[in-house]
Amino acid sequence: MTSGVVEDSVEDSDDIMYCAACGTAGIDDIKLKDCSACKLVKYCGVKCQKDHRPQHKKECKKRAAELRDEILFKQPESSHWRDCPICCLPLSDDPKNSSTMACCCKVICDGCNYANALREREKKLGHSCPFCRQPAPASEEEAVQNLMKRVEANDPAALRYMGIMCHNEGNYTRAFAYLLKGAEFGDVDSHYRLSLMYHDGRGVEKDVKKEVYHLEEAAIGGHLGARYNLGYVEGKSGRHERAMNHFIIAAKLGCDDSLVALKKGFVVGLVSKEDFASALRAHQAAIDAMKSPQRDAVSAALK
């Protein structure tokens with residue numbers, strides 16, 4: 001009589017990951033870690049990662065650049081300014097069309113500031129912040145004190161605002177410190193302003209790599225000026241396809257300068273008719289989304 005043999009269940013070897021340097025399997029208590037740059041291979045320790053670096057370097061750089069581009073050329077849903085916290089309409093990329101409140105560091109569109117001023121006049125109220133209703137500071141000194149409270153709380157917008165103030169006063173070292181901290185806390189405009197400082201060499205030595213890095217971080221966050229500058233840099237370097245992609249992304253969010261650059265690219269054949277038409281429609285939609293009766297009233301009054 002032949003007895004049946006029951007085979008032990010064996011884990012599929014294709015599911016087991018191995019250290020790219022020494023071949024150690026990632027089983028039991030052995031935990032392998034991804035290469036932080038490319039995510040393509042795994043290592044059992046720092047020594048193996050260093051030993052394997054000469055063999056892996058070229059492939060790693062190529063894949064890391066591809067991953068970076070996937071993030072860089074993804075279309076943001078809106079500009080970095082997002083929406084006005086009161087009317088919930090997209091904020092204009094032009095800083096002249098909004099104001100930053102020193103008390104709460106909220107960016108309020110001119111339409112809501114205008115509506116608030118009318119309300120205060122009709123009800124004979126004192127001037128206050130349209131968002132948090134804190135009374136307006138009686139002096140510039142009080143406004144700065146209010147702002148410093150937000151700075152001490154590590155408010156990214158306040159850090160950026162202080163950086164701008166210091167830069168305008170010519171104190172570039174302090175400006176850089178505030179903007180760097182603002183960028184570390186995620187403020188997109190701080191990244192953009194750091195790129196300008198690295199470009200001009202104010203407060204820091206000129207550094208093209210760091211300039212481009214901060215431009216890219218700002219562009220990823222939806223900064224239209226940074227995106228336009230990246231397009232200019234790429235175009236100047238002869239990488240026209242990348243340049244046009246930057247202009248397309250910014251134009252779709254309402255950037256007028258990028259739309260002009262895109263039109264020039266279309267005329268000389270660097271942009272397809274379909275891509276230009278798509279960007280043109282999205283640009284108009286972005287501009288229309290920013291309109292409101294209150295904002296139109298402010299624009300009319302300034303003419």
Asks: Could you tell me whether the side chain of Gln134 and the main chain of Cys103 form a donor-acceptor pair under 3.5 Å?
Replies: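 The answer is no, because no donor-acceptor pair under 3.5 Å joins these two groups.
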
Asks: Could you check if a side-chain atom of Ser99 sits within less than 4.5 angstrom of a side-chain atom of Ile108, using non-hydrogen atoms only?
Replies: no

Asks: Can you tell me if Glu66 has over 12 outside heavy atoms packed within less than 6.0 Å of its CD?
Replies: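 Check passes, neighbour count above 12.
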
Asks: Any salt bridge between Asp69 and Arg242, counting N to O under 4.0 Å?
Replies: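 Judged by the 4.0 Å cut-off on N to carboxylate O distance, Asp69 and Arg242 do form a salt bridge.
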
Asks: Give the intermediate values and the outcome of side-chain hydrogen bond (donor to acceptor under 3.5 Å, both in side chains) for residues Arg133 and Asn116.
Replies: CA-CA 10 Å; Arg133 299 304 189 198; Asn116 184 57; 2.9 Å; yes

Asks: Can any side-chain N or O of Asp83 pair as donor or acceptor with the backbone N or O of Pro85 at less than 3.5 Å?
Replies: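 Such a contact is absent between Asp83 side chain and Pro85 backbone.
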
Asks: Heavy atoms, side chains only, cut-off 4.5 Å: are Pro137 and Asn146 in contact?
Replies: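 A side-chain contact under 4.5 Å exists here.
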
Asks: Give the cluster check for Phe73 versus Ile220: same hydrophobic cluster or not, with ILVMFWY residues linked at side-chain heavy-atom distances below 4.5 Å.
Replies: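 They do share one cluster, since a chain of ILVMFWY contacts under 4.5 Å joins Phe73 to Ile220.
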
Asks: Measure the acute angle between the ring planes of Phe247 and Tyr228, then classify it against the limits of 30° and 60° as parallel, tilted or perpendicular.
Replies: tilted

Asks: Could you check if a side-chain atom of Arg295 sits within less than 4.5 angstrom of a side-chain atom of Asn97, using non-hydrogen atoms only?
Replies: no

Asks: Can you tell whether the side chains of Arg119 and Glu122 come within less than 4.0 Å, N to carboxylate O?
Replies: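 Looking at Arg119 and Glu122, the cut-off is not met.
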
Asks: Any chance you could lay out the side-chain contact (heavy atoms from CB on, under 4.5 Å) test for Val267 and Lys264, step after step, and finish with the verdict?
Replies: CA-CA 5 Å; Val267 170; Lys264 292 178 180 178; 5.7 Å; no

Asks: Taking atom OH of Tyr161 and atom OH of Tyr178, what is their separation to the nearest 0.5 Å?
Replies: 14.0 Å

Asks: Quick one: pull up OG in Ser190 and CE in Met197 and give me the separation to the nearest 0.5 Å.
Replies: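 The OG atom of Ser190 sits 11.0 Å away from the CE atom of Met197.
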
Asks: Spell out, as yes or no, whether a donor-acceptor pair under 3.5 Å connects the side chain of Glu234 to the backbone of His240.
Replies: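 The answer is no, because no donor-acceptor pair under 3.5 Å joins these two groups.
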
Asks: Partners of Asn171 by side chain to side chain donor-acceptor pair (under 3.5 Å), sequence neighbours excluded?
Replies: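 Asn171: no side chain to side chain donor-acceptor pair (under 3.5 Å) contacts found.
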
Asks: Do the non-hydrogen side-chain atoms of Leu230 and Tyr232 ever get within less than 4.5 Å of each other?
Replies: no

Asks: Between Gln284 and Leu280, does the side-chain contact (heavy atoms from CB on, under 4.5 Å) criterion hold? Intermediate values first, please.
Replies: CA-CA 6 Å; Gln284 187 59 53; Leu280 196 61; over 6 Å; no

Asks: For the hydrophobic clusters of this structure (ILVMFWY residues joined by side-chain heavy atoms under 4.5 Å, transitively), does one cluster hold both Phe185 and Met148?
Replies: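 Yes, because Phe185 and Met148 connect within a single hydrophobic cluster, where side-chain heavy atoms sit under 4.5 Å apart.
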
Asks: Can you tell me how far the CG atom of Asp155 sits from the CZ atom of Arg150, to the nearest 0.5 Å?
Replies: 4.5 Å

Asks: With sequence neighbours excluded, tell me which residues meet side chain to side chain contact (heavy atoms under 4.5 Å, CB included) with Val41.
Replies: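 Val41: side chain to side chain contact (heavy atoms under 4.5 Å, CB included) contacts with Ala20, Cys35, Tyr43, His56.
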
Asks: Do Met290 and Leu89 have side-chain heavy atoms sitting under 4.5 Å apart?
Replies: no

Asks: Step by step, would you call Tyr18 with Ile16 a side-chain contact (heavy atoms from CB on, under 4.5 Å)?
Replies: CA-CA 7 Å; Tyr18 299 88; Ile16 301 176; 3.8 Å; yes

Asks: Less than 3.5 Å apart, any donor N or O on the side chain of Asp256 or His283 sitting next to an acceptor on the other?
Replies: yes

Asks: Would Met165 and Leu194 show up in the same hydrophobic cluster when neighbours are defined by side-chain heavy atoms closer than 4.5 Å?
Replies: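 Met165 and Leu194: separate clusters.
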
Asks: Answer yes when Glu70 and Lys39 have at least one side-chain N-carboxylate O distance shorter than 4.0 Å, and no when they do not.
Replies: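 Looking at Lys39 together with Glu70, the answer is no, because their closest N to O distance does not fall below 4.0 Å.
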
Asks: Quick one about Glu241 and Asn245 (side-chain donor to acceptor, distance below 3.5 Å, no hydrogens or angles considered), yes or no?
Replies: no

Asks: Where do Ala37 and Leu67 come nearest, in terms of heavy atoms and distance?
Replies: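 The answer is O-CD1, 3.7 Å.
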
Asks: Any idea which heavy atoms bring Lys209 and Asp207 closest together, and the distance?
Replies: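 Residues Lys209 and Asp207, closest heavy atoms: N-OD1, 3.1 Å.
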
Asks: side-chain contact (heavy atoms from CB on, under 4.5 Å) between Leu224 and His80: does it pass, once the steps are laid out?
Replies: CA-CA 8 Å; Leu224 305 190; His80 72 290; 5.8 Å; no

Asks: Any side-chain heavy-atom pair from Cys105 and Leu147 closer than 4.5 angstrom?
Replies: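 Contact flag for Cys105/Leu147 side chains = yes.
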
Asks: Does atom CZ of Phe266 have more than 12 heavy-atom neighbours, drawn from other residues, nucleotides or ligands, at distances under 6.0 Å?
Replies: yes

Asks: Please say which of His214, Glu217, His223 ends up in a side chain to side chain donor-acceptor pair (under 3.5 Å) with His191.
Replies: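 Passing option: His214.
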
Asks: Which pair of non-hydrogen atoms, one from Cys84 and one from Leu91, has the smallest distance, and what is that distance?
Replies: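 Minimum heavy-atom contact is N-CG, 3.6 Å.
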
Asks: How close do Arg227 and Ala250 get, heavy atom to heavy atom, and via which atoms?
Replies: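 For Arg227 and Ala250, the tightest heavy-atom pair comes out as CG-CB, 3.6 Å.
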
Asks: Will you find, in the side chains of Ser272 and Asp275, an N or O donor that is under 3.5 Å from an N or O acceptor?
Replies: yes

Asks: Work out which heavy atom in Cys129 is nearest to a heavy atom in Cys132; give both atom names and the distance.
Replies: SG-N, 3.4 Å

Asks: Can you tell me how far apart CD1 (Ile27) and CE (Met17) are? Round to the nearest 0.5 Å.
Replies: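 Between atom CD1 of Ile27 and atom CE of Met17 there are 13.5 Å.
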
Asks: Hey, does Ser278 have a side-chain heavy atom less than 4.5 Å from the side chain of Arg281?
Replies: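 Yes, side chains in contact.
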
Asks: Identify the residue among Lys206, Lys210, Glu211 that makes a side chain to side chain donor-acceptor pair (under 3.5 Å) with His199.
Replies: Glu211

Asks: Which heavy atom of Ala64 sits nearest a heavy atom of Cys38, and at what distance?
Replies: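 In this case the closest contact between Ala64 and Cys38 is N-CB, 4.3 Å.
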
Asks: Quick one: do Met244 and Phe276 end up in the same hydrophobic cluster if we chain Ile, Leu, Val, Met, Phe, Trp and Tyr together by side-chain heavy atoms under 4.5 Å apart?
Replies: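 Result: yes, single cluster for both.
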
Asks: If only atom types and distance count, is the side chain of Ser92 paired as donor or acceptor with the main-chain N or O of Asp94 below 3.5 Å?
Replies: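 A pair under 3.5 Å: yes.
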
Asks: Are Val208 and Val233 connected in a single hydrophobic cluster, I mean Ile/Leu/Val/Met/Phe/Trp/Tyr linked by side-chain heavy atoms less than 4.5 Å apart?
Replies: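 As far as the 4.5 Å side-chain criterion goes, Val208 and Val233 are not connected within one cluster.
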
Asks: Once you round to the nearest 0.5 Å, how far does CG of Leu253 lie from OG of Ser258?
Replies: 9.0 Å

Asks: Decide yes or no for Tyr192 and Val188: does some side-chain heavy atom of the first lie under 4.5 Å from some side-chain heavy atom of the second?
Replies: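 When only atoms from C-beta onward are counted, Val188 and Tyr192 do not touch, as no gap falls below 4.5 Å.
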
Asks: Does Glu216 come within less than 4.0 Å of Arg68, counting only side-chain N to carboxylate O?
Replies: yes

Asks: Nearest 0.5 Å, what's the CZ-SG distance between Phe131 and Cys112?
Replies: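 Spacing of CZ (Phe131) from SG (Cys112) equals 11.0 Å.
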
